[in-house]
Number of protein chains: 2
Amino acid sequence: MKRITIYDVAKEADVSLATVSRVINDSNVVREDTRIRVQEAIEKLGYKPNAIAQGLALSKTTTISIVMSEKLFAYNAKILNGLMDVAKIYNYNIMLHTTSKGISKMQDVIESIIKSRVDGVILFNDNFSEEELEVLHLYQIPMVVVGSKIEDKKVGNVGNVYVDFEKLAYELVNEYFEKGITDISLVEDKLNLSMMSQLRHGVERAFKEKGMEFKKYVSYDETYRSSYDFLSEYFKTHKPSELVITFRDSQAIAFLNACNEAHYQIPQDTQVISILDDKYLRMMRPTISSFNFPDYDMGAIAMRLLTKMLVNDDEVKDNKDIEIGYTFIQRQTTQPE
Amino acid sequence: MKRITIYDVAKEADVSLATVSRVINDSNVVREDTRIRVQEAIEKLGYKPNAIAQGLALSKTTTISIVMSEKLFAYNAKILNGLMDVAKIYNYNIMLHTTSKGISKMQDVIESIIKSRVDGVILFNDNFSEEELEVLHLYQIPMVVVGSKIEDKKVGNVGNVYVDFEKLAYELVNEYFEKGITDISLVEDKLNLSMMSQLRHGVERAFKEKGMEFKKYVSYDETYRSSYDFLSEYFKTHKPSELVITFRDSQAIAFLNACNEAHYQIPQDTQVISILDDKYLRMMRPTISSFNFPDYDMGAIAMRLLTKMLVNDDEVKDNKDIEIGYTFIQRQTTQPE
DNA sequence: TTGTAGGCGTTATCAG
DNA sequence: CTGATAACGCCTACAA
């Protein structure tokens with residue numbers, strides 16, 4: 001089947017291609033009967049406008065790039081759902097780019113984004129540097145960063161939809177200070193060092209204000225298996241902290257299992273909080289306390305912001321930083337009020 | 001910054017645009033010194049070829065569409081990783097399309113795929129009908145279906161990289177028959193009904209061959225919470241089957257927790273297997289038996305197959321069906337040999 | 001080895 | 001309301 005074009009339709013309907021173009025684009029200056037004639041020709045031939053040609057003619061691709069690190073795919077599924085749904089509503093196509101250590105560096109991704117002439121970019125705040133943002137900005141590509149706060153915002157004109165992890169950690173630690181608990185550990189998650197660093201800063205700030213120094217930033221290998229092994233060994237000679245804060249479910253679970261085997265009682269001997277929520281936390285025994293973020297909404301809001309920037313940047317000029325709230329979910333690994 | 005084009009580069013390097021095009025595309029018929037001159041002009045101006053224009057000129061977009069249902073995002077992360085990595089190697093861009101009940105129907109997705117003039121499509125076998133495949137085929141878009149077997153392959157020229165779930169279920173059930181266990185339940189997973197139906201057929205075939213009828217196809221609401229509630233209630237009046245097969249981790253975990261609360265011993269009173277593996281199965285106590293599939297490889301193989309089809313379809317003409325193996329992983333919820 | 005010109009499929013601007 | 005025609009940015013014979 002020969003690729004059929006606007007010319008074929010024009011010939012079939014016995015009009016010029018300009019008229020066909022008009023009915024495709026819902027231009028209302030076309031007479032009803034010729035519109036129908038054209039529609040029928042389109043139907044008959046199975047014509048579908050070539051988005052590439054449209055893109056070239058309009059200098060607008062109606063596609064948006066999403067960039068995220070490959071490892072975080074499973075975790076960011078809901079944010080992605082939010083992004084996709086809103087993109088769909090506004091009729092944008094999505095180009096997906098992943099970064100991973102070995103295969104694709106951020107630089108290559110940026111290269112292909114620029115070449116693709118996408119209308120805008122959504123970046124997950126986990127894998128790029130300010131310099132890379134600047135390149136995108138140089139090519140005037142509207143972008144919004146989703147997830148956490150952009151630390152050191154040099155580049156203008158970039159949206160940011162984020163959870164303030166620094167504040168979250170700060171407030172959380174202070175609450176425990178009030179309960180008289182100061183032996184607190186924060187477990188590193190290597191998958192998202194930018195969020196980790198913000199959490200760490202929050203904890204440090206809280207300690208500092210009380211005239212103490214925060215020393216228990218714990219870092220070990222990223223897999224569940226090795227976390228578990230490490231902790232099992234560790235507990236032979238050490239006691240767990242009074243409060244252990246992890247970023248992800250798997251780390252909290254590793255801690256739980258290791259405690260169980262070492263016969264530490266939760267939440268009596270030690271309390272655990274996973275910052276990020278996940279359905280598995282509810283399935284564990286004991287169920288694990290965490291924070292609830294509106295992931296899906298975060299994605300939806302980010303995409304909506306971007307679409308607004310694309311349509312009329314001035315309108316959102318001063319509203320490009322949107323903070324997302326969160327709530328603590330008390331489950332069985334922490335002492336209730 | 002004005003969008004700079006191939007003309008700008010040509011002028012800067014004092015050559016014709018044809019020459020610039022040649023150095024961009026590594027045509028080897030260009031003299032070394034002019035190549036260098038052009039390269040420098042490209043550098044200096046920060047020129048990036050417009051992929052849209054290239055696509056139009058070549059009738060080739062070097063992008064591939066991936067279609068999957070929104071709900072399965074988190075679960076298919078590894079397959080997606082495999083797909084993305086290989087796509088990257090062959091320099092294909094990825095367009096991501098998701099289907100979800102409310103917002104985007106498969107039909108719309110197909111529409112936008114055709115308009116985008118992508119070079120090929122990867123479909124997860126979970127959300128389309130044969131008719132929809134036919135539309136794609138009508139527009140001559142090469143495609144490969146990944147995940148499970150295409151049941152009733154009417155359309156030609158489509159690749160299929162799959163796990164044979166029918167066989168898996170059949171063999172699994174037969175093994176338990178040999179151990180004298182015939183009280184077997186299969187728990188439905190609504191997220192992927194096509195795979196469920198294949199599993200079911202396998203179980204039914206095994207039963208039928210022994211002159212029995214399979215009656216315990218269990219179906220309840222899809223969330224963990226409701227599974228758990230259902231089972232807790234159920235166990236007040238019923239005993240669990242000797243063997244319970246679930247598709248996903250969360251269903252197995254729900255069963256585990258409900259058994260625990262009803263004081264049924266695993267694997268003495270009842271054994272559990274989750275077909276799909278997931279790291280959480282290892283974190284549970286007891287750890288849950290499952291099957292191991294090379295997810296990442298499946299994605300990688302599927303994408304490689306598609307790229308081959310794009311380059312030279314004849315070469316792979318008779319090798320478009322690729323079955324992926326699996327192995328059983330014995331953990332604590334089943335009796336060892 | 002390099003340049004010229006036609007074509008890829010649409011949209012938009014002008015006339016009519 | 002409709003029809004030519006010039007972009008849009010690049011590739012590729014064909015010529016030089």
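Chain letters run A, B, ... following the sequence lines, proteins first, then strands; residues in each count from 1. Quick caveat, the model's predicted, so the values are computed rather than measured.
- Here B:Thr34 reaches the OP1 or OP2 of C:dT2: one of its side-chain N or O atoms lies under 4.0 Å away.
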Item checked: A:Asn93/B:Lys115 under side chain to side chain donor-acceptor pair (under 3.5 Å): CA gap, chis, key distance, verdict -> CA-CA 11 Å; A:Asn93 286 316; B:Lys115 287 183 183 168; over 6 Å; no
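- Judged as a side-chain contact (heavy atoms from CB on, under 4.5 Å), and not counting sequence neighbours, B:Asn91 has no contacts.
- Across all strands shown, A:Val15 has heavy atoms under 4.0 Å from sugar-phosphate atoms exclusively, and none from any base.
- Contact check for B:Asn125 versus B:Tyr162: no side-chain heavy atoms found under the 4.5 Å cut-off.
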Restricting both atoms to N or O, compile the protein contacts to nucleotides 7-10 of chain C shorter than 3.5 Å, with distance only.
unit_1 : atom_1 : unit_2  : atom_2 : d
C:dC8  : O2     : B:Ala57 : N      : 3.3
C:dG9  : N2     : A:Ala53 : O      : 3.4
C:dT10 : OP1    : A:Tyr47 : OH     : 2.8
C:dT10 : OP1    : A:Asn50 : N      : 3.0
C:dT10 : OP2    : A:Ile6  : N      : 2.6
C:dT10 : O5'    : A:Tyr47 : OH     : 3.2

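- Close to C:dT1, at under 4.0 Å from its OP1 or OP2, lies no side-chain N or O of B:Thr19.
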Identify all side-chain donor-acceptor contacts of residues 44-54 of chain A below 3.5 Å with residues at least two apart in sequence or on another chain.
unit_1  : atom_1 : unit_2   : atom_2 : d
A:Lys44 : NZ     : A:Glu12  : OE2    : 2.7
A:Lys48 : NZ     : B:Glu111 : OE1    : 2.9
A:Asn50 : OD1    : A:Ile52  : N      : 2.7
A:Asn50 : OD1    : A:Ala53  : N      : 3.2

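- Using a 4.0 Å cut-off, no side-chain N or O of A:Arg22 falls inside it from OP1 or OP2 of D:dT2.
- Sparse packing is recorded around CG of A:Asp14, with 12 or fewer heavy atoms of other residues, nucleotides or ligands lying under 6.0 Å away.
- No donor-acceptor distance shorter than 3.5 angstrom exists from the side chain of B:Arg22 to the backbone of B:Val30, with no hydrogens or angles considered.
- Computed from coordinates, the A:Lys11 NZ to D:dT2 C1' distance equals 19 Å when rounded to whole Å.
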